[in-house]
Amino acid sequence: MKYGYFDDASREYVITTPRTPLPWINYLGNEDFFTLLSNTAGGYSFYRDARLRRITRYRYNNCPLDQEGFHLYVKDGDTVWNPGWQPVQTELDSYSCRHGLGYTVIEGTKDGITAKQEFIVPKGEKCMLIRVTVTNISGKEKELSVFPYLEFCLWDAMDDASNFQRNFSTGEVEVAGSAIYHKTEYRERRDHYAVFWANREAQGFDTSRDAFIGVYGSPARPEAVFGAGCTNSVAHGWQPVAAEQFDMTLQPSEQYDLILGLGYIENPAEEKWENPGVINKKKAEAMIARFSDNGTFDAAMNTLKKFWAELLSGYQVESGDEKLDRMVNIWNQYQCMVTFNMSRSASYFESGMGRGMGFRDSCQDLLGFVHMIPERARERILDIAATQFPDGSAYHQYQPLTKKGNLAVGSGFNDDPLWLIAGTDAYLCETGDWSILDEEVDFDNDPALRQPLMEHLRRSFNFTRNHLGPHGLPLIGRADWNDCLNLNCFSEHPGESFQITGPSEGPVAESVFIAGMFVKYGSAYVRICRHLGLETEAAEAEEAVAAVEKATLGAGWDGAWFRRAFDAYGNVVGGKECEEGQIFIEPQGMCVMAGIGKETGEAAAAMKSVEERLDTKYGIVLLQPAYTRYHLELGEISSYPPGYKENAGIFCHNNPWIVCAETELGHGDRAFQVYKRTAPAYIENISEIHRTEPYVYSQMIAGKDAPSFGEGKNSWLTGTAAWTFLSISQAILGLKPTLDGLMIDPCIPADWKGFTVTRRYRGAEYHITVQNPGSVQHGIKRILVDGVAQESKILAPASAGSTVKVEVVMG
Ligand code: BGC
Ligand code: NOJ
């Protein structure tokens, strides 16, 4: 069942009922000011940091769900309704929500009145605009009032949700004309306030929630709206809100519009006040003036649309399969950008108060956005590298505001260092900008320990090389990619962290997954060394890689698939002798992507085992059989009920590893089958089962052992975005950036006749046509570059600004 449809020409997903299985959200903002916005106008805004500068309040886990946001009440006689249906939930005559790239339009009709809310965060501005348009289509005169409403958060979202003894007394506002200023704590240490404004005169306002909603009222039945209107209340403490009232008489066909704004303003200490106790509103007034009419609103919308069109134009496919095209050309790239902006901080599953930026996560996210914004990828790599320790290990997380490593979580996740090589290699292959390796970067954020980035990569490589266990496989530490495989932690008491309880450095527990990574990204390191002329180092590194590869095919091989690990007692994890958890997806994907066992048959056998043992109709589960009880020696993985999360859920992030791995073996049919099973556009028509947004990936889909098999959770902020983009754009469609240029090597379903891709690469634009007359899955018969035949699959970089025509015939 579907709850809407894709409008590809407008790059929008159009939701046609407000009763989606879960709130379906969008992200507005791309720089400083961000809003999460659901299809019923729920959500919240923040400035840069979702925890420390939360502008509006949101209650996760609320019941009813998703009641806080940017709602508009329409009062038409005795009927009160919202264009987005929530929170009053009056049945509408028509409803639609268009989630576009960086904007959302919600429109509802009731009794001959249409009300539309257009939401946008303009480029370069620290505010969100909401244009409200009310149209009388009833054929008769109508008298109406509309009330926009939002609830302020007292800045620190964590404190706001817990420290009531203080924050019930701190709230302060000022009202000036149609602008409501939220200035809690501005009197003392804060240099910032928020402002909610309208470009028309309001007939009334409220800033006290008790006055507008009622102490025992609810957003579904605000006393001011259902009663006699706003009372011009001024909040002192308690819950400051912004509500305004606009009365209108509309003739038949008459339209009324109103521009609302929510802005964030910072003032230097010496300019905080206009008069004692009165805040300096100059910047806010300038912001308000910038958006005083429809013309400026429309211009902001056009600028935003152009920005996105330009960003996405770096990779556009025409495959003849509209679902594939919309994933690649629009939604997958969009999700990669949102993930870049948010990391894992704020979604409808991430509260914005929890984790910092993950070292591993950020490096992987890069793989998905480096082609769109290489300059920001560069900056990100340098930020991440600065949180590395001198021995090559790394803080597992860092704080985006301070860019400092997070001490509470510390280090010891032994896959982390290798992801730095992965991210940097992707950057080099994309841009050819070797100067990044000479950039001086701190270790442990200490300028005294500064070294060129190349030295960081070297220490990453050497960290793994020097931390091998009894079988010559890399030691796992606290965990590897699978945060929940905690082989050295032994967490026994509720409330303890699964990851950081116990010693990080176990001398025994080893990871076959990190072994695969070491072969894959260690080989990338070897290529980098060669490119720099460091032949001796390259040869030595190559030897170290070969040794780990050998160990992987030795102790790491179970007979028909790669083992997962050895635990702290030296027992196999992910082998046929295990009672539960006999086979895991991660080492199959990573080791085969690394090419391990490609010549000798293990790779093909591993892929076959995945298909036989882990496949389901909704995707590939992480492991089988699921753990049915807690295994102290394995940790969090066995804390989840069977079928959820890392315990045999369909962890979407590592499905594309299998896609990539299958293409390593030339299996285009299978690769595309795996790709399609989790790709949102292909599962749109099971939205009642999948439940999360049909335009983005979720981190996890409940596996076959779960009662809710097929149900998605944790949508938006997941490494799945980057990896699926990589799997389709590079592995299947086959445009692989390398150190030497763009390689063309498609691996597609045999029944595809061909496709075309436009790809921006190192400043040149490539128009690539691939034909498949012989119905093969892999292999190239001919490549013509600007009409000239060439042998190599790698296109030498063309000069920036040029256009290159590439014709490829498979066979
Ligand atoms: C989740 C993991 C996540 C980890 C972060 C665990 O509870 O299952 O997916 O990476 O928390 O600390
Ligand atoms: C989510 C985390 O963000 C990511 O770093 C980790 O690899 C996966 N969970 C798997 O545990």
Side-chain angles (χ1 to χ4, degrees), residues 335 339-340 342-347 349-351 353-368 384 394-398 400 406 408-420 422-423 476-487 489 491 494-501 504 511 513-514 516-517 564-565 581 584-587 589-590 620-623 626-627 630 634-657 697-703 706 712-724:
Q335 189 176 359
T339 317
F340 162 72
M342 295 290 123
S343 189
R344 304 295 175 270
S345 76
S347 73
F349 297 85
E350 301 278 8
S351 68
M353 310 180 204
R355 312 196 240 168
M357 310 265 295
F359 190 98
R360 164 206 301 144
D361 294 331
S362 299
C363 289
Q364 286 175 90
D365 290 347
L366 237 136
L367 309 176
I384 299 169
Y395 278 108
H396 191 50
Q397 294 180 2
Y398 70 101
N406 183 337
V409 185
S411 82
F413 294 75
N414 283 356
D415 62 320
D416 276 335
L418 292 172
W419 290 117
L420 182 64
I476 195 167
R478 299 208 174 280
D480 58 23
W481 173 90
N482 191 329
D483 276 324
C484 300
L485 197 58
N486 314 121
L487 304 182
C489 298
S491 169
E496 276 174 1
S497 160
F498 286 108
Q499 278 82 29
I500 62 176
T501 302
S504 71
S511 162
F513 173 79
I514 302 182
M517 276 189 86
R564 180 62 178 85
F584 283 63
I585 192 173
E586 307 101 300
M590 190 51 79
I620 305 172
V621 295
L622 195 145
L623 62 84
Y627 294 107
Y630 184 51
L634 302 181
E636 184 171 4
I637 193 161
S638 55
S639 74
Y640 288 113
Y644 292 107
K645 294 281 285 184
E646 283 85 345
N647 187 13
I650 298 160
F651 221 87
C652 296
H653 185 133
N654 34 42
N655 276 242
W657 293 347
Y697 285 92
S698 293
Q699 180 203 53
M700 194 265 322
I701 298 171
K713 280 196 194 121
N714 206 355
S715 54
W716 282 98
L717 305 183
T718 157
T720 312
W723 273 102
T724 48

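Start at 1 and go down the list; that is how both ligands and their atoms are numbered.
Among all heavy-atom pairs drawn from F498 and S639, the shortest one is CZ-CB, 3.7 Å.
W481 O, 2.5 Å is the protein heavy atom nearest to atom 7 (O) of ligand 2. Nearest protein heavy-atom neighbour of atom 5 (C) of ligand 1: R355 NH1, 3.7 Å. If you check which protein heavy atom lies closest to atom 8 (O) of ligand 1, you get Y640 OH, 2.5 Å. For atom 3 (O) of ligand 2, the closest non-hydrogen atom of the protein is D361 OD2, 2.9 Å. Counting only heavy atoms of the protein, atom 9 (O) of ligand 1 lies nearest to E646 OE2, 2.7 Å. Atom 2 (C) of ligand 2 has its closest protein heavy atom at D483 OD2, 3.5 Å. Counting only heavy atoms of the protein, atom 1 (C) of ligand 2 lies nearest to Q699 NE2, 3.4 Å.
No side-chain heavy atom of F359 sits under 4.5 Å from any side-chain heavy atom of Q397. Within the 4.5 Å cutoff, the side chain of C652 has heavy atoms near those of the I701 side chain. With contacts defined as side-chain heavy-atom distances shorter than 4.5 Å, the pair E350/W716 does not qualify. Side-chain contact between M517 and D480: absent, with no pair of heavy atoms (C-beta onward) separated by less than 4.5 Å.
Under the ring pair (Phe, Tyr, Trp, His ring centres under 6.0 Å) test applied with W481, the options W723, W419, W657 reduce to a single match, W657.
Of the inter-residue distances, the one linking E586 atom CD with H653 atom NE2 reads 9.5 Å to the nearest 0.5 angstrom.
With distances taken over non-hydrogen atoms, the option nearest atom 3 (C) of ligand 1 out of D483, V409, I637, T718 is D483. Among Q499, E636, K645, the residue whose heavy atom lies closest to atom 7 (O) of ligand 1 is E636.
A heavy-atom separation below 4.0 Å is not found between M700 and ligand 1. Ligand 2 does not have H653 within reach: every non-hydrogen atom of the residue lies 4.0 Å or more from it. Taking 4.0 Å as the cut-off, F498 does not count as a neighbour of ligand 1 on heavy-atom distance.
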Residues H396, I500; criterion side-chain contact (heavy atoms from CB on, under 4.5 Å); working and verdict
CA-CA 11 Å; H396 191 50; I500 62 176; over 6 Å; no

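With ligand atoms numbered from 1 in the order given, ligand 2 contributes 9 (N), 10 (C), 11 (O) to contacts under 4.0 Å with heavy atoms of E646.
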